[in-house]
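Sequence lines set the chain letters: A, B, ... in the order given, protein chains first and strands last, and positions in each chain run from 1. Everything numeric here is computed off the predicted structure, so don't read it as measured data.
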Number of protein chains: 2
Amino acid sequence: MREYETDNDYEMARAAKSGGGDETQVNASRERFQRIYTLLRNRICLLDYPPGTRLSEEALAAEFGISRTPLRRVLGWLESQGLLRSVHGVGTIVTDVEIDAFVQVYQLRMELAELVGKLSPVPPTPETIGLFRELERRGSELQQKPDPRAFAQLNIDFFHGLMRLTENEPLREISERLYYQTARIWLKSISQMNLAQEVAIFAREIAEVRTAVEIGDVSAASHIRRSHISMSFVRLSNTKPETATQA
Amino acid sequence: MREYETDNDYEMARAAKSGGGDETQVNASRERFQRIYTLLRNRICLLDYPPGTRLSEEALAAEFGISRTPLRRVLGWLESQGLLRSVHGVGTIVTDVEIDAFVQVYQLRMELAELVGKLSPVPPTPETIGLFRELERRGSELQQKPDPRAFAQLNIDFFHGLMRLTENEPLREISERLYYQTARIWLKSISQMNLAQEVAIFAREIAEVRTAVEIGDVSAASHIRRSHISMSFVRLSNTKPETATQA
DNA sequence: CAGGATGCTGTTGTGTACAACATAATAAAA
DNA sequence: TTTTATTATGTTGTACACAACAGCATCCTG
């Protein structure tokens, strides 16, 4: 569905820009924006840029072969999503999530997960069912060779798969926003937990959801998801005594 | 609580900028951003800029006495909120909401309204109670002299009052975003309806909510709100045959 | 040696000129 | 007259130079 390459793709962008781009350039511009936006968001929530990291506009602009101006548009969107914060004279800092906000976001995400089954649920297509089977396969694979980063990536893809179960676009946008706000905190905590156990639980969740999707019961899938978000939160709370700080 | 002046306030900003601004200028910059953002958002949802309006970056920049660059930052945020859409070579257009998205947003807003009573409800302070009494007074006043714009402003203030009933900040942000996405569509439709009747119904809603708030029952207030959003949507659907289009 | 002022360095914010683009009016050709 | 090419105009997008700012090291002064 979506590409989450973290390297070698902006190189393509540069080639497309300088090379044989004889199609409409405006679309190329919007696609470039989308690519950089998605790329940076992924780097943030995959902890390539841990909370507190200071990003340099100039360095990023140079990396993507563009000027600071269009890059700042991307950073502005990321800032409006609460992932960055620009401070004059200091830098562009990757935000952290304080404990209170983390709790609130998780509570809200639980409710929204359930709403997926209530608002405009869409009967799963064979393609969607296939996607969840593929996710389940990746889950099994991950159990044999646990890895935090692959775990996080599977979690992201699973989330996007769930978003295909509703046609309510505002719900999707909002769920996505909240997901990306806490995904990195979750990932940061996962490292301090029993990785194998978490992977096993997650694999079971995928399997359960896949079963529900297969018989077309989106509501059941959403309830399964909700309960797992809830339980995941409980486990996180039990193992995470300290949290980060951020103004 | 919040100021929604549509004129004579940016003049203050200019004076503060050129005049005796011997405090930290960075705060002044952020406040300026916030002021212009709020101002433009209000103009959009109060239909000063009806859907389809083409805004000129240069004209707006001149109006606020700044360059296009900082203004574009504001426009970028409004675009990320779905209120604007910039098209290269054409202009910055105020978006419209197609019927499907409108339905989806309303459905979602109903659920979120109920969540206000479930997620981190905050016991109303005397100040909050006073606010709702004031809103109720304005509602009565409005009944004697119905006016679409004053109606819209009261609706906005009432919404912000309701947001004080929860401490869940993400829920507030998201509710606000969805509210401002559909408020102008609601206002546009109100004009074609029985204004006096709508005002009367709204005044009753305020009174009911005020009663619930007064006894500290935030959950009841949220359910009242939910039901009124639902009924408002039904009335809108019955009186609005045609809708606007937007890519 | 301690404390504070001062310059140095790197960062984001702003202004401005120009490029890329879309649209409509206009002129030319069939 | 119709159609097509072209020019004119106004718009947003981009690049770059500079201003404003914060943090830090340095140096001067007591």
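Of the residues in residues 69-76 of chain B, those with a non-hydrogen atom less than 4.0 angstrom from any atom of DNA chain C are B/T69, B/P70, B/R73.
The closest side-chain donor-acceptor pair between B/Y179 and B/N155 falls under 3.5 angstrom.
Contact between the side-chain N/O atoms of A/R30 and the OP1/OP2 oxygens of D/dT12 is not found at any separation under 4.0 Å. Regarding contacts with the backbone of C/dT14, a side-chain N or O of B/R32 is found under 4.0 angstrom from either OP1 or OP2. At the phosphate of C/dT14, OP1 or OP2 sits under 4.0 Å from a side-chain N or O atom of B/S29.
Rounded to an integer number of Å, the gap from A/E79 CD to C/dT11 C1' is 14 Å. At whole-Å resolution of the value, CZ in B/R68 and P in D/dC16 are 17 Å apart. Rounded to whole angstrom, the span from the CG atom of B/L60 across to the P atom of C/dT14 amounts to 16 Å. Here D/dT14 presents its P atom at 10 Å from CZ of A/F33, a figure rounded to the nearest Å.
A search for side-chain contact (heavy atoms from CB on, under 4.5 Å) contacts involving B/T125 returns B/E127, B/T128, not counting sequence neighbours. Partners of B/R184 according to the salt bridge (Lys or Arg N to Asp or Glu O under 4.0 Å) rule, which considers only residues two or more places apart in sequence or in another chain, do not exist here. Under the salt bridge (Lys or Arg N to Asp or Glu O under 4.0 Å) criterion, A/E198 pairs with A/R235, sequence neighbours left out.
Under the 3.5 Å distance criterion, the side-chain polar atoms of B/S189 are left unmatched by any main-chain donor or acceptor of B/L236.
Residue B/E58 places its CD atom among 12 or fewer non-hydrogen atoms of other residues, nucleotides or ligands, all under 6.0 Å distant.
Using the six-membered ring where Trp is involved, A/F159 and A/Y180 have ring planes that are perpendicular, over 60° apart on the 30 and 60° scheme. Note: B/F158 and B/F132 have perpendicular aromatic rings, judged against thresholds of 30 and 60 degrees for the angle between ring planes.
Classification of A/D96 and A/R85 as a salt-bridged pair fails, no side-chain N sitting under 4.0 Å from a carboxylate O. Note on B/E79 versus A/R73: salt bridge recorded, some NZ/NE/NH1/NH2 to OD/OE distance being below 4.0 Å.
For A/W186 and A/Y106, the ring centers are positioned 6.0 Å apart or more.
The end-to-end axis angle of the helix from C/dC1-D/dG30 to C/dA30-D/dT1, rounded to 10 degrees and based on five pairs per end, is 10°.
Of all nucleotides listed (D/dA15, C/dG13, C/dT16), D/dA15 comes nearest to the side chain of A/I66.
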Tabulate atom names and distances for all N/O pairs under 3.5 angstrom spanning the protein and nucleotides 6-11 of chain D.
from: D/dG10; atom 1: N2; to: B/G89; atom 2: O; distance (Å): 3.0

